[in-house]
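Here's the structure, in structure tokens; my notes come after.
Side-chain atoms are counted along with the backbone in the values below, which use heavy atoms only and exclude waters and symmetry mates. All chains are named by letter (A, B, ...) in the order of the sequence lines, taking the proteins before the strands, and each is independently numbered beginning at 1.
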Amino acid sequence: MAVSATSAPVPAPARFDFAKAEGNGIRDFLRTFAVAVRLGWQLEANWTDPLLFFIYSVAKPVSSALILVVMLEVIGGPSGRAFRPFVVVGSALWSFVVSGIAGLAFSILEDRERFRMLKYVYVSPSDFLTVLVGRGVARVGVGLAGAAITVAVGVVVLGVPFDLGSVNWPLFVTVFLLGLWSIVAVGLLMAGVVIQTRQESWSYPEAFAGALFLVAGAVFPLAVLPALVQVIGLLTPLSWWIAGIREALFPGGPGSIGGAGSVFAGAFGHAQPGPLEIVLALMATGAIATLGAVAVFRVSDRRAKQAGLYDRTTGS
Amino acid sequence: MAGIIDLVGRAGIGPHEAADWSRRQELMTDLRSVRGRAYPRVIGLAREPSWVLFEILLPFLATAAFVFVYRAIGAPQEYVGFVVLGGALTAFWLNVIWMMANQLYWEKSQGNLELYFAAPMHFMSILFGMAIGGIVMSTTRAATVLLIAGLVFGVTFSVDQWALLLGVFLLTLAALYGLGMVLASLFLVWGREAWHMGQMLTEPVYFVSGLNFPVARLGFLGALSVAFIPLATGLDAMRQLAFTDAAFPLGTPDPLLEVAILTVMTVVSILAARWMLITMERRARRDGRLSIRWQ
Amino acid sequence: MPPLAIEVRGIRRVYSAKPAPVVALDRVDLHVAPGEFFGLLGPNGAGKTTLIKILTTLLLPSAGTARVFGFDVERDTKKIRRIMNMVAGGEQSGYGILTVREQLWMFTQFYGLAGGDGWRRVDELIEAVGLTEQRIQRVSTLSTGQRQKMNLARGLLNDPWILFLDEPTLGLDVSAARSLRELIVDWKRAVPGRTILLTTHYMAEADELCDRIAIVDHGRILAIGSPDELKRRVQRESIFRLELDHLDGGVATLVRLPGVVSASEAAGAIDAATRQTVVMNLVLEDDGVLGQVVGALARTGSEILGLRKSEPTLEDVFVELVGRGFAESDAEAAGKAG
């Protein structure tokens, strides 16, 4: 289109604001994280019938605990009830672990396969990892509620003895936060895996959590496992997390790590780890898990960009 | 375009003749559609080997965890067998929930559903195809769990009636996937909440089906499960037939009664699935919801 | 008399929505003869896709009747499904884990082809649409253009008598869109009686492909005709652009002639410095008047250096009928959607 000499002068192009491209560091991070958490919560809860949502977040963990309680009852009868607090608490904690691990991976699958939004999230200025973790927080919240309700059901209905006054709160808070970090790290690892896999990967996070269930001492002491599997369990932060939470809630009660003839007892010369040992072991194994998860995620991310996996849909 | 020009398979046949199919043509199309829909599931097994790890080995470890629970409390060896059989059958249940019940909702969001409806086969063929593909996938997993567990945990089966056991297994699959077909239409109607429904149908159903223990231990709840949940019925019948030496609690139904229940479940669920599909299609055509996503 | 390929009478479709029901189609009548390439042209939200969904048995009309080759869309769904197929732009159907060849074969099974026949048909169609190199490539890795070619091949698998194309070139680049249009035209030409109903909001596409076009807006058909007929509706006079070496007496010389509606010098088109040529726009009552104009110019000694007829476009037709352009209509539809 020709422009005549009498036309209004063309305005000068707006100057590019480099400061905007730089971003605002921590403020951007917090904003992204908050938005992701809110989105995750809305996806998780707001689109769903509240009653159904409640049943789902409670029915699953309580049922898991009940399976174990009946197993004890079938074999041990009244004498098996001594073991009940162990399995109820372990089962409740494990439902929380599964929620945390699955949260991040499901965000990838939902956004890519169902909402087809993953590529847009990826190319947005928000940090992808922050968005993912934020999305996963909603499921962690749901898992936490489920775990608390399961313990409550255990105390009120199943007669699990619990004294709020005897809880070692400093240990509980320390171990809980460190463990949460480790759970998110394992979730990140699974997110890295499902970036590479196909649409039917919905069951993968739970399958992975199921495998960790064997080695984490959630519902039986590690000592009953073969020595090699016990070692794997001792290298898993989730084992220390569960042991730490148990020790905090039931100080001096039966633990999942150690015991006569266990690998722990053989290696460290005493039957069960103390609180400090648990915290240190959780920090060490958590750090290794975090480094491993970040490495796996970065490799997966690079491969996904090379292979164009962020905007594909698969399925069969 | 020479290829397309040469491809006119019904030269001299007008649209009316082309639309007029014989019963045999209809039947063959339905059967071929079953094969067509099963194809991606079966071929997918070979294409992405990650499922071997995530759908066989890791679930086996989860099953193993329950074996160790029994070992920790000194349970008799047949209970290890119960857990292993339960673990094997969960492969089918999970497949029914995630790859049958949830599938039509996913097909809709993918845009496949309207193409299926616009094609001339009966939609039940699609469901049967999904089921057969799923059975192939899950049987692989279940067989692997049984085999590895048998070797690792020394599970020994004591079977007197192999034919009946096989019959119960096949009937259980038929009833399970029949239920999956019913749930597929229901989940499509429920839309976004289907995901949560799927979640609700895992652990709670495992519990009431007696996944790791004889279902009769649950008393009336167990009886209800045997009457209405094919996983509970099939698992209980198969346990009785595969571990004839084991002692089962009072109130355990006779396997032949459970065969009858499974048969009724199969017939009812397939008829219900057919009725629901027809109803759903009519509703969807009326309301315009066959191709609208995220509803 | 053989039935029409499409016969729509008084179709109305209302979607229940909040705050008020949406009328997608409002008393639409349409007849398409077998063998026709028929276009539905209209902006987003005009009701084109709704009509296609009704004709492809995916949606019931709220009122009225629709028939495809004489088969009722409500009652004879199976028969219609045996002789039709459909392809939509941006379609993502199928399973990403399959290769192109496998995906298409899967669909042949839904149309009842025997296994071996299905593979043969797939291979021939893959070659015909130019996807031979991608035949064993996974569907999830195809480009948009390749994907749409595969979708077209899927639409031809059952050798349909009627093919419904819903914005088939949506999102494709110029070359891919052209290639797809050529494929469609070739396929249709190959057998008399093959019928195509195309919805598009690309004017040039409708103009190039369609024997007849219905212009649709707000659920109503505003006009039906061949592209030429529709254009003639807005151009009741003939408009020519004329270049002469000179014109004694100016444009008034021509305006006086019978049948000449107006004549005006084209602004800025005259070489003012040398006045070597004269360019003018000439509006005549019809093309026949042109002979008199040429005769008159010859008598005045003017030499015709150039003569070009100005053609209206379908956009002009749409503006004439609707009172606004396509872009404005789309923006309006988007505004409503938002």
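Side-chain contact between B:F207 and A:V62 is absent, with no heavy-atom pair separated by less than 4.5 Å. Within the 4.5 Å cutoff, the side chain of B:P76 has heavy atoms near those of the A:I75 side chain.
Of the two parts of B:F60, neither the backbone nor the side chain holds a non-hydrogen atom closer than 4.5 Å to a non-hydrogen atom of chain A. Interface residue B:F213: only side-chain heavy atoms are found under 4.5 Å from chain A. For a residue to count as touching a neighbouring chain, one of its non-hydrogen atoms must lie under 4.5 Å from one of that chain's; by this rule A:L68 touches chain B with the side chain only. The contact between A:F106 and chain B is made entirely by side chain atoms (from C-beta outward), counting heavy-atom distances below 4.5 Å. Of the atoms belonging to A:V215, not a single heavy atom falls under 4.5 Å from chain B. For a residue to count as touching a neighbouring chain, one of its non-hydrogen atoms must lie under 4.5 Å from one of that chain's; by this rule B:L57 does not touch chain A. No part of B:L94 comes within reach of chain A, as not one of its non-hydrogen atoms sits under 4.5 angstrom from that chain. Heavy atoms closer than 4.5 Å to chain A are found in the side chain of B:R217, but not in its backbone. With a threshold of 4.5 angstrom between heavy atoms, A:F83 approaches chain B through side-chain atoms but not through N, CA, C or O.
Scanning both residues, A:K60 and B:T202, for their nearest heavy atoms gives NZ-OG1, 3.3 Å. Looking at every heavy atom in both residues, A:A207 comes nearest to B:L58 through O-CB, 3.4 Å. Nearest heavy-atom pair, A:L72 versus B:I73, reported as atom, atom and distance to 0.1 Å: CD2-CG2, 3.6 Å.
Separation of atoms CG (B:L211) and OG (A:S64) is listed at 10.5 Å; rounding is to 0.5 Å. Here the straight-line distance linking atom CG of B:L218 with atom CD of A:E73 works out to 11.5 Å at 0.5 Å rounding.
Note: B:F68 and A:F213 fail the aromatic proximity criterion, with ring centroids not under 6.0 Å apart.
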- Item | A:M71/B:N212 under side-chain contact (heavy atoms from CB on, under 4.5 Å): CA gap, chis, key distance, verdict | CA-CA 7 Å; A:M71 284 171 74; B:N212 297 326; 3.6 Å; yes

- Item | Evaluation steps, side-chain contact (heavy atoms from CB on, under 4.5 Å), between A:V74 and B:Y79 | CA-CA 10 Å; A:V74 164; B:Y79 277 81; 3.4 Å; yes

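Between chain A and the residues B:F66, B:Y39, B:W98, the most heavy-atom pairs under 4.5 angstrom are made by B:F66.
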